[in-house]
**Student:** 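This is the structure, below, for whatever I ask next.
Quick note: numbers below take in every heavy atom, side chains included, and nothing from hydrogens, waters or symmetry partners. This one's a predicted model, so the numbers in the text were calculated from it and none came from an experiment.
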Amino acid sequence: MAKLSRRQEEKVEEFMNITGASKKGAITHLKKFQWNVESATEEYLDQLQSNPNPHQPKPMSVEELYRRYKDPYHDMIMAEGISRLCTDLEVDPQDIVMLVISWHMKAATMCEFSKKEFFDGLKSLKIDSLGNFRSRIPSVRYELKDKGKFREVYNFTFDWAKEKGQKSLQLETAIGMWQLLFAEMNPKWPYVDQWCEFLEERHKMSIPKDTWSQLLDFVRNVDSSLSNFDAERAWPYLVDEFMDYLKEKGLVQN
């Protein structure tokens, strides 16, 4: 096999991360599409959906799945049940794909699925068995590549992650969610670590919804040098203070 270039190796790694395919399979599909990651990924995921895991012994209905994960004392799936679901899906509970699944289910609260949320979510995902659910994971993850869907997931996260009855998002939770979400952006936001450090050093309070919502606009519209930052725009005060913080650190010119 001819040695791959650095760029080809990067595309192989990206394809494997999205699809879960082996390196050999990734190379085969990428070569088929002249190393176009998007086209190769779409075909692979389409094939995966049409050919679910043949080793799944007996398909479970959605009703059976719900009973499998339902809390014994409440008519809903709670943290322990979601942990069992993750084990069956072969994904880490902290994997961002579980956030995307929660978005599809329109879940009101982190680590909880009501029966209606679970049934409606699986219906929207066209999932009717555990094997089918598992085969859908790569395509659900791939949805984050779509800028519009990423924004929807991002906006959904605020209400989903905040504590019941609260209007703002706890700082620790907000930082964790930002680190999770921004890790999926391409190109990645180069200031995510500095943003989190700034909040921990200077803010130390919960995050209001307008700051959460408008930060994504800041990340997407202000270039990596921050040279096109418009100070006259009505940014949340934390964004303006963050710019001052970066100047103090010598990361942005005055």
Side-chain angles (χ1 to χ4, degrees), residues 10 13-14 16-18 20 79 82-83 85-86 89-105 107-112 137-138 140-164 166-226 229 235-246 248-249 251-252:
E10 290 173 351
E13 185 176 355
E14 181 180 355
M16 291 170 64
N17 288 339
I18 295 170
I82 291 175
S83 179
L85 172 62
C86 289
L89 295 177
E90 300 174 0
V91 301
D92 189 293
Q94 303 300 317
D95 192 317
I96 196 170
V97 76
M98 295 306 298
L99 170 56
V100 186
I101 288 170
S102 298
W103 167 65
H104 274 286
M105 293 185 177
T109 306
M110 188 190 301
C111 297
E112 290 182 5
I137 293 298
V140 171
R141 189 190 309 281
Y142 191 65
E143 290 183 90
L144 290 170
K145 301 295 181 183
D146 182 288
K147 283 190 173 183
K149 288 183 179 179
F150 184 95
R151 179 179 288 279
E152 289 185 35
V153 173
Y154 179 90
N155 289 337
F156 161 83
T157 300
F158 183 88
D159 290 319
W160 174 78
K162 69 181 176 64
E163 294 181 6
K164 292 179 180 178
Q166 298 297 311
K167 292 184 178 180
S168 299
L169 189 59
Q170 291 295 316
L171 179 60
E172 183 179 357
T173 303
I175 286 175
M177 292 295 105
W178 272 319
Q179 290 172 331
L180 185 69
L181 286 156
F182 288 146
E184 298 298 316
M185 293 192 71
N186 187 19
K188 290 181 171 55
W189 186 37
Y191 297 100
V192 60
D193 291 337
Q194 289 84 355
W195 170 252
C196 295
E197 289 167 4
F198 156 71
L199 293 174
E200 290 175 326
E201 289 179 21
R202 303 287 177 87
H203 186 57
K204 300 179 182 180
M205 293 187 291
S206 58
I207 300 297
K209 192 166 188 175
D210 67 327
T211 298
W212 177 272
S213 300
Q214 291 186 56
L215 183 67
L216 184 59
D217 292 326
F218 174 76
V219 170
R220 282 183 166 175
N221 296 321
V222 179
D223 63 33
S224 60
S225 69
L226 304 177
F229 175 73
W235 295 108
Y237 79 94
L238 277 177
V239 169
D240 291 324
E241 291 188 0
F242 178 56
M243 290 296 294
D244 292 337
Y245 176 81
L246 292 177
E248 288 177 25
K249 297 288 185 179
L251 297 172
V252 177

**Student:** Specify the closest pair of heavy atoms between Leu169 and Ala161, including all atoms of both residues, with the distance to one decimal.
**Tutor:** CD1-C, 3.5 Å
**Student:** Looking only at atom types and distance, does a side-chain atom of His203 sit under 3.5 Å from a main-chain N or O of Ser206, one as donor and one as acceptor?
**Tutor:**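 Yes: the side chain of His203 pairs with the backbone of Ser206.
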**Student:** Under 4.5 Å between any side-chain heavy atoms of Val219 and Trp195, yes or no?
**Tutor:** no
**Student:** Less than 4.0 Å between a side-chain N and a carboxylate O, is that true for Glu248 and Arg202?
**Tutor:**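 Counted as a salt bridge, because a side-chain N and a carboxylate O are separated by less than 4.0 Å.
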**Student:** Mind checking whether Phe198 and Lys249 have side chains closer than 4.5 Å, heavy atoms only?
**Tutor:** no
**Student:** With a 6.0 Å cut-off (strictly less than), is the heavy-atom count around CD of Glu13, excluding the residue itself, greater than 12?
**Tutor:** no
**Student:** From Phe158 CZ over to Ile207 CD1, what is the distance, rounded to the nearest 0.5 angstrom?
**Tutor:**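 Taking CZ in Phe158 and CD1 in Ile207, the distance rounds to 8.5 Å.
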**Student:** I need the minimum non-hydrogen distance between Glu143 and Lys149, along with the two atoms involved.
**Tutor:**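 Closest approach of Glu143 to Lys149, heavy atoms only: OE1-NZ, 3.1 Å.
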**Student:** So, taking the atom named CH2 in Trp103 and the one named CG in Asn155, what distance separates them when rounded to the nearest 0.5 Å?
**Tutor:** 11.0 Å
**Student:** If every non-hydrogen atom of Lys164 is compared with every non-hydrogen atom of Thr109, which pair is closest and at what distance?
**Tutor:** CE-OG1, 3.5 Å
**Student:** Can you measure from CG (Leu238) to CG (Asp210) and round to the nearest 0.5 angstrom?
**Tutor:** 8.5 Å
**Student:** Just by modelled atom types, is the Thr211 backbone N or O under 3.5 Å from a matching donor or acceptor in the Tyr237 side chain?
**Tutor:** no
**Student:** Of all heavy-atom pairs between Ser168 and Pro208, which one has the smallest distance, and what is that distance?
**Tutor:**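 Nearest heavy atoms, Ser168 then Pro208: OG-CA, 3.9 Å.
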**Student:** Answer yes or no: is there a donor N or O on one side and an acceptor on the other, between the side chain of Arg220 and the main chain of Lys147, under 3.5 Å?
**Tutor:**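 It does hold such a pair.
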**Student:** Parallel, tilted or perpendicular: which one describes the rings of Phe242 and Tyr245, with boundaries at 30° and 60°?
**Tutor:**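 Answer is parallel, since the angle falls under 30°.
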**Student:** Do any side-chain atoms of residues 92-102 form donor-acceptor pairs under 3.5 angstrom with protein atoms, and if so which ones, sequence neighbours left out?
**Tutor:**
from	atom 1	to	atom 2	distance (Å)
Asp92	OD1	Gln94	N	2.7
Asp95	OD1	Val97	N	2.9
Asp95	OD1	Arg141	NH1	2.7
Asp95	OD2	Arg141	NH1	3.1
Asp95	OD2	Arg141	NH2	3.2
Ser102	OG	Met98	O	2.9

**Student:** If the plane angle is over 60° it's perpendicular, under 30° parallel, otherwise tilted; pick one for Trp235 and Phe229.
**Tutor:**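 Ring orientation of Trp235 relative to Phe229: parallel.
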**Student:** Under the side chain to side chain contact (heavy atoms under 4.5 Å, CB included) rule, what do Asp217 and Arg151 come out as? Steps first, then yes or no, please.
**Tutor:** CA-CA 10 Å; Asp217 292 326; Arg151 179 179 288 279; 2.8 Å; yes
**Student:** For residues 171-188, tabulate all N or O donor-acceptor pairs below 3.5 Å that involve a side-chain atom, not counting sequence neighbours.
**Tutor:**
from	atom 1	to	atom 2	distance (Å)
Trp178	NE1	Tyr154	OH	2.9
Lys188	NZ	Ala183	O	3.4

**Student:** To check you understand the geometry: which heavy-atom pair defines the closest contact between Leu251 and Gln194, and what is its length?
**Tutor:**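 Closest approach of Leu251 to Gln194: CD1-CG, 3.8 Å.
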